[in-house]
Amino acid sequence: MLDLTYETPTPKVIQGAKHDWELVIGMEVHAQVASNAKLFSGASTAFGAEPNANVAFVDAAMPGMLPVINEFCVEQAVRTGLGLKAEINLTSAFDRKNYFYPDLPQGYQISQLYHPIVGEGEVLVEMGPGVARLVRIERIHLEQDAGKSIHDMDPAMSFVDLNRTGVALMEIVSRPDIRGPEEAAAYVAKLRQILRYLGTCDGNMQNGNLRADVNVSVCRPGAYERYQESQDFSHLGTRCEIKNMNSMRFIQQAIDFEARRQIRILEAGGTIDQETRLYDPDKGETRSMRSKEEAHDYRYFPCPDLLPLEIEQAWVDDIAAALPELPDAKKARFVTDYGMTDYDAAVLTADTESAAFFEAVATGRDGKQAANWVINELFGRLKKDDREITDSPITAAQLGTILDLIAKGDINGKIAKDLFEIAYTEGGDPAEIVEARGMKQVTDTGAIEAAVDQVIAANPDQVEKAKANPKLAGWFVGQVMKATGGKANPKAVNDLVTAKLGL
């Protein structure tokens, strides 16, 4: 549910030579459906196979081959729509989008234009504490991917790999609600997070499983508000589409360059041509690809090989009942149940694996302490070693045992960090390590008192300084801890030092 206490971010304003300008951005995100088989054939979707190894007859457009809908892909699209709080259309239909590319054997793409499977939804994109943008989803439709043309293997020939041909895509189309490069990247990141939680797309941008087409236009301040009132897109200026973006950083760079390019043209008295552009990360600029097509350019018409897709509300309800806890709900629960900050909850719910690891550590223990150890000690070490949480050398059970040893008073914070390092690098049961290596903290007040007396007796000058400035008592605590090899109970040491010094 939308938290109405959130503040809307200020639109990005770019100062031109003559005027101030505001950015308006809409996005079309192509998410590969997490499915072992393609949308209309049983061919594998496994990444990294030999070229043209995962191609069925229908993918290669062999004569007489007809598409057969993959029910699981439909289910994944419905699950995605429900996760984005969108309307599910019980009746949808497929269309043919006609265009020629060497890597599109049929000469058309089977897609959905007029009757998509998912209608309007929303994504709440957090831009900082208490600051968020609500991005409206216009539609989600299913379509098949094209193959891949390869131009760098031979100086005189191009090659075609049809492994991706027919792979199921969900095209998630937003309204022009995004107002800056950072928001655009944050929107894609939030969408990716939700899809991963749902299990409907793995979000691997490096493999091309999540790609974004970014529509950018610029307008004078106040024009966006007029668009909201009238829904007249002419207020927003002519948009240009930047195709196939697969990096958050490149998305931001491309938007910034494209906006400034359009501003220069407009302020020089020119007009913006509606076109499709590509981003060159090496040059840091966009370049023209082709004029922007409209629907009539593709000669859309209903696909004669596929009947309208009709699904039952009861089936949709069953999918909704089985949805996992999504990021916003999990984050809110972590804050409430474990008493942590919004920031810590955001870090721990960034992906399902991190959230599950944390909960395994925190269950039955102090939530704040568990969050501190997972975020600062574990995540910090994993980042240093360039590891993922799924590849953590230390398990949730091991880390939980370390926290139990702290709670029982068997070890203190310093020993715990040493113990964590041993368990991380060598493995083993932390409790057994403590026993075997004599790592238990000293709780015998007599032994601690003797150490305190020794340090005080050896440093009379420091005693006088501490009596004049009680804050210096910490020096004695540090010396006692050092003398006991870090095994003394810090609280007992602090209490005895304070008492002995008469502070």
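Residue numbers start at 1 and run along the sequence shown.
- Residues Trp373 and Leu403 form a side-chain contact, since some pair of their non-hydrogen atoms from C-beta on lies under 4.5 Å apart.
- Salt bridge absent: Arg381 and Glu377 never bring a charged side-chain N and a carboxylate O closer than 4.0 Å.
- In this structure, Ile402 and Gln398 have side chains that are not in contact, with every pair of non-hydrogen atoms separated by 4.5 Å or more.
- In Asp232, the CG atom is crowded: over 12 heavy atoms of neighbouring residues, nucleotides or ligands sit closer than 6.0 Å.
- Using a 4.5 Å heavy-atom threshold, the side chains of Val316 and Leu82 count as touching.
- Classification of the Tyr224-Tyr227 ring pair by plane angle, with boundaries at 30° and 60°, yields tilted.
- Residues Ser111 and Glu143 bring a donor and an acceptor atom of their side chains to less than 3.5 Å of each other.
- Salt bridge annotation for Asp145-Lys38: absent, with no cationic side-chain nitrogen under 4.0 angstrom from a carboxylate oxygen.
- Between Arg139 and Gln112, the side chains place no donor N or O within less than 3.5 Å of an acceptor N or O (distance only, hydrogens not considered).
- With rounding to the nearest 0.5 angstrom, the CZ atom of Arg175 is 6.5 Å from the CD atom of Gln231.
- Here the two rings, on Phe334 and Phe358, have centers that are under 6.0 Å apart.
- The pair Glu120-Lys85 fails the salt-bridge criterion, with no side-chain N (NZ, NE, NH1 or NH2) lying under 4.0 Å from an Asp/Glu carboxylate O.
- For the residue pair Asp317 and Gln313, a side-chain donor N or O sits within less than 3.5 Å of a side-chain acceptor on the partner.
- Checking each of Lys190, Lys12, Arg133 against Glu183 for a salt bridge (charged side-chain N to carboxylate O under 4.0 Å, His left out) leaves exactly one that passes, namely Arg133.
- Looking only at side-chain heavy atoms (C-beta outward), Ile394 and Leu378 come within less than 4.5 Å of each other.
- Residues Asp202 and Phe47 fail the side-chain proximity criterion, which asks for heavy atoms closer than 4.5 Å.
- A salt bridge is absent between Asp103 and Lys148: the closest approach of a Lys/Arg side-chain nitrogen to an acidic carboxylate oxygen does not fall below 4.0 angstrom.
- Judged purely by distance below 3.5 Å, without hydrogens or angles, the side chains of Gln193 and Arg196 never pair a donor atom with an acceptor atom.
- For the residue pair Asp385 / Tyr424, a side-chain donor-acceptor distance below 3.5 Å is found, with atom types taken as modelled.
- Residues Ser354 and Asp351 bring a donor and an acceptor atom of their side chains to less than 3.5 Å of each other.
- Using a 4.0 Å cut-off between charged nitrogen and carboxylate oxygen, Glu325 and Lys330 count as a salt-bridge pair.
- Across all non-hydrogen atoms, the minimal contact from Asn163 to Pro51 is ND2-CA, 3.7 Å.
- A salt bridge does not link Glu171 with Arg211: every distance from a Lys NZ or Arg NE/NH1/NH2 to an Asp or Glu carboxylate oxygen is 4.0 Å or more.
- Scanning for side chain to side chain donor-acceptor pair (under 3.5 Å) contacts around Arg387 gives Asp391, with sequence neighbours left out.
- In this structure a side-chain-to-backbone donor-acceptor pair under 3.5 Å is missing from Ser217 to Arg239.
- Side-chain N or O atoms of Asn207 include none that pairs as donor or acceptor with a backbone N or O of Asn209 at under 3.5 Å.
- Remark: Leu104 CG to Phe100 CZ distance equals 9.0 Å, nearest 0.5 Å.
- No more than 12 heavy atoms of other residues, nucleotides or ligands lie within 6.0 Å of OH in Tyr343, so this atom counts as exposed by the packing criterion.
- Leu266 has its side chain out of reach of Thr271: every pair of non-hydrogen atoms, C-beta onward, lies at least 4.5 Å apart.
- Cation-pi geometry between Arg96 and Tyr108 is met: the NZ or CZ atom falls under 6.0 Å from the ring centre, inside 45° of the normal.
- The CD atom of Glu225 lies 8.0 Å from the SG atom of Cys219; values are rounded to the nearest 0.5 Å.
- Using a 4.0 Å cut-off between a side-chain N of Lys or Arg and a carboxylate O of Asp or Glu, Arg277 and Glu275 qualify as a salt bridge.
- For the residue pair Ser158 and Ser149, no side-chain donor N or O sits within less than 3.5 Å of a side-chain acceptor on the partner.
- For the side chain to side chain contact (heavy atoms under 4.5 Å, CB included) criterion with Ser92, the lone passing option out of Val74, Ile311, Ile117 is Ile117.
- Using a 4.0 Å cut-off between charged side-chain N and carboxylate O, Glu258 and Arg261 make a salt bridge.
- Closest approach of Thr200 and Met170 over heavy atoms only: O-CE, 3.8 Å.
- Of all the heavy atoms in Tyr338 and Gly367, the pair that sits closest is CD2-CA, 3.8 Å.
- Inter-residue side-chain proximity for Asn98 and Tyr298 is flagged as unmet; no heavy-atom pair is nearer than 4.5 Å.
- Under a 4.0 Å N-O distance rule, the pair Arg365/Asp404 qualifies as a salt bridge.
- With a 6.0 Å radius and a threshold of 12 heavy atoms from other residues, nucleotides or ligands, Tyr99 has its OH atom above the threshold.
- Look at Arg220 and Glu22 and you find no salt bridge, because none of the NZ, NE, NH1 or NH2 atoms lies under 4.0 Å from a carboxylate O.
- Within a 6.0 Å radius of CG in Asn376, other residues, nucleotides and ligands contribute more than 12 heavy atoms.
- The main-chain N or O of Leu113 is found under 3.5 Å from a side-chain atom of Asp95 such that the two form a donor-acceptor pair.
- When all heavy atoms are compared, the tightest approach of Glu75 to Arg79 is OE2-NH2, 2.6 Å.
- A 4.5 Å side-chain heavy-atom check between Gln144 and Arg164 finds every atom pair outside the cut-off.
- Within the structure, every pair that satisfies the side chain to side chain donor-acceptor pair (under 3.5 Å) test and touches residues 41-57, not counting sequence neighbours, is listed here: Ser41-Asp59.
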